[in-house]
Chemist: 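Shown below is the structure under consideration.
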Amino acid sequence: MEFRFIHFYPDLMSLYGSYGSAAVLRRYLEQLGNTVTAEAVRPGEAADISGADFLFMGAGTERQARAAAEDFARFGQEVRAAAADGTAMLFAGTAMDLLGEKVTEADGSAWAGIGLAGFSTAHGRGRIVEDVYGHTDLYPQAVVGFINKCGIVTGVETPLLTSVEFGFGNDRARGPEGFHWNNVFASQLTGPLLVKNPGMLEAVAAAVYARRDAELPEERPADSWAQRGYAVTEEQLRRRYER
């Protein structure tokens with residue numbers, strides 16, 4: 001198959017190596033015998049996202065996310081329609097905020113998201129910086145990552161991580177984290193998410209296939225380095241959680 005990726009603001013929204021999630025997904029799909037083309041969208045540039053198989057936006061600072069939101073608003077209707085139609089997409093870090101209703105800054109000013117979901121984000125003056133260990137309903141293995149944020153996200157009805165045993169979730173310690181609806185994946189875990197979590201990589205790849213009414217092949221590529229890296233991180237965080 002031939003898949004088309006849309007990568008929003010690769011220069012503006014690229015903190016914590018979050019672009020690695022799109023890169024590792026592309027490599028995974030190519031190893032399955034597919035052809036993948038990636039189109040970058042920068043502020044002010046025209047883009048046709050109709051028919052795209054995967055939409056991606058990485059993490060940025062809070063200031064960068066606000067700048068991205070001002071431009072991303074023009075794609076709001078198309079992105080909402082694509083999400084409802086089952087298009088796979090991943091919004092990493094502060095990019096998750098853009099999917100909600102609004103973001104309120106620490107000084108009280110506010111800006112709008114695209115309203116794909118009904119949650120809101122409120123920024124504080126302090127930062128939440130810590131490891132996270134949790135679980136998703138998508139597969140049995142734990143999800144691991146790292147949080148560095150100043151936003152409290154409230155109103156998420158369908159989180160990506162339905163339980164967090166260690167670390168901070170959307171709005172509280174050991175609370176659910178991220179957002180997941182249809183084939184929309186969003187999380188403020190950095191790392192990047194799909195590089196650190198082979199299970200999540202496979203789940204997103206399966207969503208890309210599902211958009212074409214197809215299933216992942218039974219024989220799939222395995223990255224031994226990624227698997228070993230995940231195993232070490234999972235073991236260390238689990239030990240901290242179990243103490």
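The figures here come from the full heavy-atom set of this structure, side chains too, leaving out hydrogens, waters and symmetry mates.
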Chemist: If you round to the nearest 0.5 Å, how far is CD of Q236 from CZ of R238?
Modeler: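 Here the interatomic distance stands at 9.5 Å.
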
Chemist: Would you mind reporting whether F75 and V41 have side-chain heavy atoms less than 4.5 Å apart?
Modeler: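 Yes, at least one pair of side-chain atoms sits under 4.5 Å.
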
Chemist: Give a yes or no on whether a salt bridge exists between R42 and D71, defined as a side-chain N under 4.0 angstrom from a carboxylate O.
Modeler: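 The answer is no: the pair does not qualify as a salt bridge.
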
Chemist: Check the orientation of F72 and Y9. Use parallel for under 30°, tilted for 30 to 60°, and perpendicular for over 60°.
Modeler: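 Plane angle over 60°, so perpendicular.
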
Chemist: I need the minimum non-hydrogen distance between A142 and E234, along with the two atoms involved.
Modeler: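 The answer is CB-CG, 4.1 Å.
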
Chemist: Given side chains that start at C-beta, do those of E105 and W111 come closer than 4.5 Å, heavy atoms only?
Modeler: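 Contact flag for E105/W111 side chains = yes.
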
Chemist: Tell me, do R240 and Y133 make a side-chain contact under 4.5 Å, heavy atoms counted?
Modeler: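 R240 does not reach Y133 side chain to side chain.
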
Chemist: Transitively linked via ILVMFWY side-chain contacts under 4.5 Å: L29 with L193?
Modeler: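 Result: yes, single cluster for both.
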
Chemist: Which pair of non-hydrogen atoms, one from P198 and one from Y230, has the smallest distance, and what is that distance?
Modeler: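 Scanning both residues completely, I find the closest heavy atoms to be CD-CB, 3.7 Å.
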
Chemist: Does the side chain of T35 come within less than 4.5 Å of E30's, by heavy atoms?
Modeler: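 Not touching, per the 4.5 Å side-chain cut-off.
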
Chemist: Should F8 and F3 be counted in the same cluster of Ile, Leu, Val, Met, Phe, Trp and Tyr side chains packed under 4.5 Å apart?
Modeler: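 F8 and F3: separate clusters.
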
Chemist: A side-chain contact here means heavy atoms from C-beta on lying under 4.5 Å apart; do S109 and R66 qualify?
Modeler: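 Yes - at least one pair of side-chain heavy atoms lies under 4.5 Å apart.
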
Chemist: With a 6.0 Å cut-off (strictly less than), is the heavy-atom count around CZ of F146, excluding the residue itself, greater than 12?
Modeler: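 More than 12 within 6.0 Å, yes.
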
Chemist: Are the side chain of T190 and the backbone of I147 linked by a donor-acceptor contact shorter than 3.5 Å?
Modeler: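 Not at all, since once roles are kept as given, no pair shorter than 3.5 Å links the two residues.
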
Chemist: Return a table of donor-acceptor pairs under 3.5 angstrom between the side chains of residues 91-100 and protein atoms on other chains or two or more places apart.
Modeler:
unit_1	atom_1	unit_2	atom_2	d
T94	OG1	G60	N	3.0
T94	OG1	G60	O	2.7
D97	OD1	T121	OG1	3.1
D97	OD1	Q188	NE2	3.0

Chemist: Does the side chain of D131 reach to within under 4.5 Å of the side chain of Y241, using non-hydrogen atoms?
Modeler: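 No, too far: nothing below the 4.5 Å cut-off.
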
Chemist: Can you tell me how far CG of N182 sits from NE2 of H180, rounded to the nearest 0.5 angstrom?
Modeler: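 Separation between the atoms: 8.0 Å.
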
Chemist: Assess whether atom CD of Q77 is packed by more than 12 heavy atoms of other residues, nucleotides or ligands within 6.0 Å.
Modeler: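 Atom CD in Q77 is not crowded, with 12 or fewer foreign heavy atoms closer than 6.0 Å.
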
Chemist: Distance-only criterion, 3.5 Å: show the donor-acceptor pairs between side-chain atoms of residues 12-20 and protein atoms not counting sequence neighbours.
Modeler:
unit_1	atom_1	unit_2	atom_2	d
Y16	OH	N148	ND2	3.3
S18	OG	L15	O	3.0
S18	OG	A59	N	3.0

Chemist: Counting only heavy atoms not in R63, do more than 12 sit closer than 6.0 Å to its CZ atom?
Modeler: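 No.
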
Chemist: If you look only at distance, which donor and acceptor atoms sit under 3.5 Å apart when one is on a side chain in residues 159-170 and the other is two or more places apart or in another chain?
Modeler:
unit_1	atom_1	unit_2	atom_2	d
T162	OG1	D137	OD1	3.1
S163	OG	E165	OE2	3.0
E165	OE1	H135	ND1	3.2
E165	OE2	H135	ND1	3.3
N170	OD1	G178	N	2.8
N170	ND2	P176	O	3.4
N170	ND2	G178	O	3.2

Chemist: With a 4.5 Å cut-off on side-chain heavy-atom distances among I, L, V, M, F, W and Y, is there a chain of contacts connecting F179 to V143?
Modeler: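 No, F179 does not connect to V143 through the hydrophobic network.
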
Chemist: State, with a plain yes or no, whether a side-chain heavy atom of Y139 is found less than 4.5 Å away from one of M200.
Modeler: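 Of all side-chain heavy-atom pairs linking M200 with Y139, at least one is under 4.5 Å.
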
Chemist: Under a 3.5 Å threshold, yes or no: a donor from one side chain and an acceptor from the other, between S224 and Q227?
Modeler: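 Side-chain D/A pair, S224 to Q227: absent.
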
Chemist: Membership question, hydrophobic clusters at under 4.5 Å side-chain separation (ILVMFWY): are V144 and V132 in the same one?
Modeler: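 No, V132 and V144 fall in different hydrophobic clusters.
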
Chemist: Any chance you could measure E39, atom CD, to L55, atom CG, to the nearest 0.5 Å?
Modeler: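 Result: 10.5 Å between the selected atoms.
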
Chemist: Please determine whether side chain to side chain contact (heavy atoms under 4.5 Å, CB included) holds for the pair S187 and E177, giving the CA-CA distance in whole Å, both sets of side-chain angles, and the decisive distance to 0.1 Å.
Modeler: CA-CA 7 Å; S187 174; E177 198 281 331; 2.9 Å; yes

Chemist: Run Y209 and N34 through side chain to side chain donor-acceptor pair (under 3.5 Å) and show every step you take.
Modeler: CA-CA 11 Å; Y209 265 68; N34 303 291; 2.9 Å; yes

Chemist: Between R239 and E235, does any NZ, NE, NH1 or NH2 come within less than 4.0 Å of an OD or OE carboxylate oxygen?
Modeler: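 Looking at R239 together with E235, the answer is yes, because their closest N to O distance falls below 4.0 Å.
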
Chemist: What is the minimum heavy-atom distance between R220 and L32, and which atoms define it?
Modeler: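 Looking at all heavy atoms of both residues, the shortest contact is CA-CD2, 4.1 Å.
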
Chemist: How long is the straight-line distance from CG of L138 back to CG of N197, given to the nearest 0.5 Å?
Modeler: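 Those atoms lie 11.5 Å apart.
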
Chemist: Can you list every pair that meets salt bridge (charged side-chain N to carboxylate O under 4.0 Å, His left out) and has a residue in residues 166-175, with sequence neighbours left out?
Modeler: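 Non-adjacent pairs meeting salt bridge (charged side-chain N to carboxylate O under 4.0 Å, His left out): zero.
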
Chemist: Drop me the distance from E2's CD to R4's CZ, to the nearest 0.5 angstrom.
Modeler: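 One finds 11.5 Å between CD of E2 and CZ of R4.
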
Chemist: Heavy-atom count check: over 12 atoms from other residues, nucleotides or ligands less than 6.0 Å from E219 CD?
Modeler: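 Count not over threshold, so no.
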
Chemist: Can you see which heavy atom on R26 is nearest to which on V36, and at what distance?
Modeler: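 Answer, listing the atom of R26 first, then V36: NH2-O, 3.0 Å.
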
Chemist: I'd like to check the ring pair (Phe, Tyr, Trp, His ring centres under 6.0 Å) partners of F5; sequence neighbours left out, ordered by chain and number.
Modeler: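 Only F54 meet the ring pair (Phe, Tyr, Trp, His ring centres under 6.0 Å) criterion with F5.
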
Chemist: Under 3.5 Å, is there a donor-acceptor pair between the S50 and D48 side chains?
Modeler: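 Checked: S50/D48 side chains pair up, N/O donor to acceptor below 3.5 Å.
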
Chemist: Might you point out which heavy atoms bring A52 and T87 nearest each other, and give the distance in Å?
Modeler: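 Scanning both residues completely, I find the closest heavy atoms to be O-CG2, 3.4 Å.
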
Chemist: Look up atom CE in M57 and atom CE in M89, then write down how far apart they are to the nearest 0.5 Å.
Modeler: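 Between atom CE of M57 and atom CE of M89 there are 10.5 Å.
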
Chemist: Would a 4.5 Å heavy-atom cut-off, applied to side chains only, mark T154 and I152 as touching?
Modeler: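 In contact.
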
Chemist: Can you name the residues that form a ring pair (Phe, Tyr, Trp, His ring centres under 6.0 Å) with H7, not counting sequence neighbours?
Modeler: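 If we apply the ring pair (Phe, Tyr, Trp, His ring centres under 6.0 Å) test to H7, skipping adjacent residues, the hits are F56.
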
Chemist: Return the minimal non-hydrogen interatomic distance between I114 and R80, and the atom names on each side.
Modeler: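 Nearest pair, atom of I114 first, then R80: O-NH1, 2.6 Å.
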
Chemist: L189 and L237: same hydrophobic cluster, using ILVMFWY side-chain contacts below 4.5 Å?
Modeler: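 Looking at the clustering, L237 is in a separate group from L189.
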
